> 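Sharing a structure below in structure tokens format, with a few things to ask.
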Amino acid sequence: MSEQTTRPQRRDRTHWLYLAVIVAVVAGVFVGWLAPGFGKSVGELGTMFVNLIKMMISPVIFCTIVLGIGSVRAASRVGKVGGLAIGYFLVMSTIALAIGLVVGNLLEPGSGLNIASHATDAAKYAKQAEGAGGTWQFLESIIPTSLLSALTAGSVLQTLFVALLVGFGIQAMGRTGEPILHAVGLIQRLVFRILTMILWLAPIGAFGAIANVVASTGLAAVQQLALLMVAFYLTCVVFVFGVLGVLMRATSGVSIFKLVRYLAREYLLIVSTSSSESALPRLIAKMEHMGVERTTVGIVVPTGYSFNLDGTAIYLTMATLFIADAMGKPLSWAEQLGLLVFMIVASKGAAGVTGAGLATLAGGLQSHRPELLDGVGLIVGIDRFMSEARAVTNFSGNAVATVLIGTWTKTVDAERMRSVLNREVPFDETSMVDDHPVDTPRETRDLVPA
């Protein structure tokens, strides 16, 4: 009898965590509805949980990219993956924009709606958008004050920039840089362990966030804007399953339904926090487990979180059309294209910033159609509900992008990918990082791709 069969199996207790998240969300809805005063008072619980998650994002991205690039000897291979990823992201953003335009113009969810009593709070988001600056300011903001400040400033793009420099630097050192690479690997394991502990607080964070938003908006506010919400959700579903699903099936031979099932727990986490960032580390771990090489994952996933925002593109499109129709000042096709292309470009620099969608929306309207700016206040009440579909769509787009680019660059093990998606090689929920560099037994190493 082998060592693998005699060793006692560790019980997966994480399913209790996700059951607790579901219970917490339902409880939050009832508390916010029946006891709005208390619901508003616990809103900070959700904010604190999301802040804990965001605290870990920069270390996760830094370690992943450094390990991915530093372990590859050919720099041209990294450039090929990165260039292909950026090109793909631009194409998919354009498609998402076009779908949002078509659906928004067909349904016209804002027509006939009187928003006089809701057109408030726009100035706050317009002021936030003023600091976004132009193209040169955006490029300048990518360069951090110091090499280490990128890890503490909370800027994903600055972390990405520094990680690329460090990764290529270690790569250029050859064997001399291997001890540094090993040290970064140990730090990555520590980061994932800390993140695993934080995720056990998800039910508390979900309860506070949901209770607060229901208490603040009330069920009547949600019902009033139901058409926009339903239209947005349906548009996201069409994009994920009709566009991404068909593309992935045609390119990689992979079913989008199996991929969604594989990432089910990540979707639940995203819905409970309304932030795709909360599932970023788990997406990295699961893509590597599925057979995509670490280099590809380390480049595509973090870059996609800043540049591949399909859900945000659809949101900005439909929200703009909704505001224009609701205020009785619809946009011409030329105005729609000019304004929304501007918004898609501007949203790249605002990725991961709280309220970035509203800030970008307000900034675009202020620069192109200032008379529509007051309509942003109408979106504020339901933005949290729409942000869930937005985050899930962004997450789905990045998961599919990793599979597609891995297929195009031949950096994915197709046989292993099929085995994982068919549930033949389950993901180890008790640990999100491979421990084999130090002392993991051989049978465990065989299950986790290098």
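For the single chain, residues carry numbers from 1 onward in sequence order. Every value quoted in this text rests on a predicted model; they were computed, and no experiment measured them. Atom set for the values below is all heavy atoms of this structure, side chains included, hydrogens, waters and symmetry mates excluded.
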> S396: what forms a side-chain hydrogen bond (donor to acceptor under 3.5 Å, both in side chains) with it, not counting sequence neighbours?
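Checked S396 against side-chain hydrogen bond (donor to acceptor under 3.5 Å, both in side chains); matches are Y267.
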> Mind listing the closest non-hydrogen atom pair of C236 and A389 along with its distance?
SG-O, 4.1 Å
> Test V400 against Y88 for side chain to side chain contact (heavy atoms under 4.5 Å, CB included), laying out the working first.
CA-CA 11 Å; V400 172; Y88 169 82; 4.2 Å; yes
> Taking all non-hydrogen atoms of both residues into account, name the closest pair between P144 and F161 and its distance.
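Answer, listing the atom of P144 first, then F161: CD-CD2, 3.9 Å.
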> Give me the atom names and distance for the closest heavy-atom approach of T402 to T296.
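Heavy atoms only, the tightest pair is O-CG2, 4.4 Å.
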> Which distance, rounded to the nearest 0.5 Å, do you find between the CZ of R265 and the CD1 of I270?
14.5 Å
> Just how far is it from atom NE2 of H182 to atom CD1 of I187, taken to the nearest 0.5 Å?
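With rounding to 0.5 Å, NE2 (H182) is 10.5 Å from CD1 (I187).
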> Working to the nearest 0.5 angstrom, can you tell me the gap between I314 CD1 and F239 CZ?
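Answer for the CD1-CZ pair, I314 versus F239, is 5.5 Å.
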> Looking at CG of L269 and CG of L280, how far apart are the two atoms once the value is rounded to the nearest 0.5 Å?
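That separation rounds to 11.5 Å.
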> In this structure, which one of V297, V412, L84 forms a side-chain contact (heavy atoms from CB on, under 4.5 Å) with I405?
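Among the candidates, only L84 passes.
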> Using a 4.5 Å cut-off on heavy atoms from C-beta on, say whether the side chain of M290 contacts that of V403.
yes
> Is there a side-chain contact between L190 and L186 (heavy atoms, below 4.5 Å)?
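No. Closest side-chain heavy atoms not under 4.5 Å.
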> Give a yes or no on whether E424 atom CD has more than 12 heavy-atom contacts from other residues, nucleotides or ligands under 6.0 Å away.
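Yes, CD of E424 has more than 12 neighbouring heavy atoms, counting only those of other groups under 6.0 Å.
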> Parallel, tilted or perpendicular for H289 and Y262, by the 30°/60° rule?
parallel
> Return the CG to CZ distance between N308 and F395, rounded to the nearest 0.5 Å.
12.5 Å
> Where is the tightest heavy-atom contact between K258 and L421, given as atom of each residue plus distance?
O-CD2, 3.9 Å
> Are E266 and L283 packed together at the side-chain level, in the sense that at least one heavy-atom pair is separated by less than 4.5 angstrom?
no
> Mark yes or no for whether R390, through its side chain, and L309, through its backbone, hold a donor-acceptor pair below 3.5 Å.
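Side chain of R390 to backbone of L309, a donor-acceptor pair under 3.5 Å: no, none is there.
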> Answer yes or no: does atom CZ of R423 have more than 12 heavy-atom neighbours from other residues, nucleotides or ligands under 6.0 Å?
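Atom CZ in R423 is not crowded, with 12 or fewer foreign heavy atoms closer than 6.0 Å.
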> Could you check whether any side-chain heavy atom of F89 comes within less than 4.5 Å of a side-chain heavy atom of V300, counting everything from C-beta outward?
yes
> Any side-chain heavy atom of F232 within less than 4.5 Å of one from T393?
no
> Measure the spacing between CG of L404 and CE of M92 and express it to the nearest 0.5 Å.
8.0 Å
> Do you know the tightest heavy-atom contact between V66 and A163?
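Closest heavy-atom pair between V66 and A163: CG2-O, 3.7 Å.
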> Would a distance-only check, ignoring hydrogens and angles, find a side-chain to backbone donor-acceptor pair under 3.5 Å from D310 to N394?
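Side chain of D310 to backbone of N394: no pair is present.
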> How close do M318 and A231 get, counting heavy atoms only, and between which atoms?
CE-CB, 3.7 Å
> Show every donor-acceptor pair shorter than 3.5 Å between a side-chain atom in residues 241-254 and any protein atom, with sequence neighbours excluded, or say none if there are none.
| unit_1 | atom_1 | unit_2 | atom_2 | d |
| --- | --- | --- | --- | --- |
| R249 | NH1 | G253 | O | 3.4 |
| T251 | OG1 | L247 | O | 2.9 |
| S252 | OG | T407 | OG1 | 2.7 |

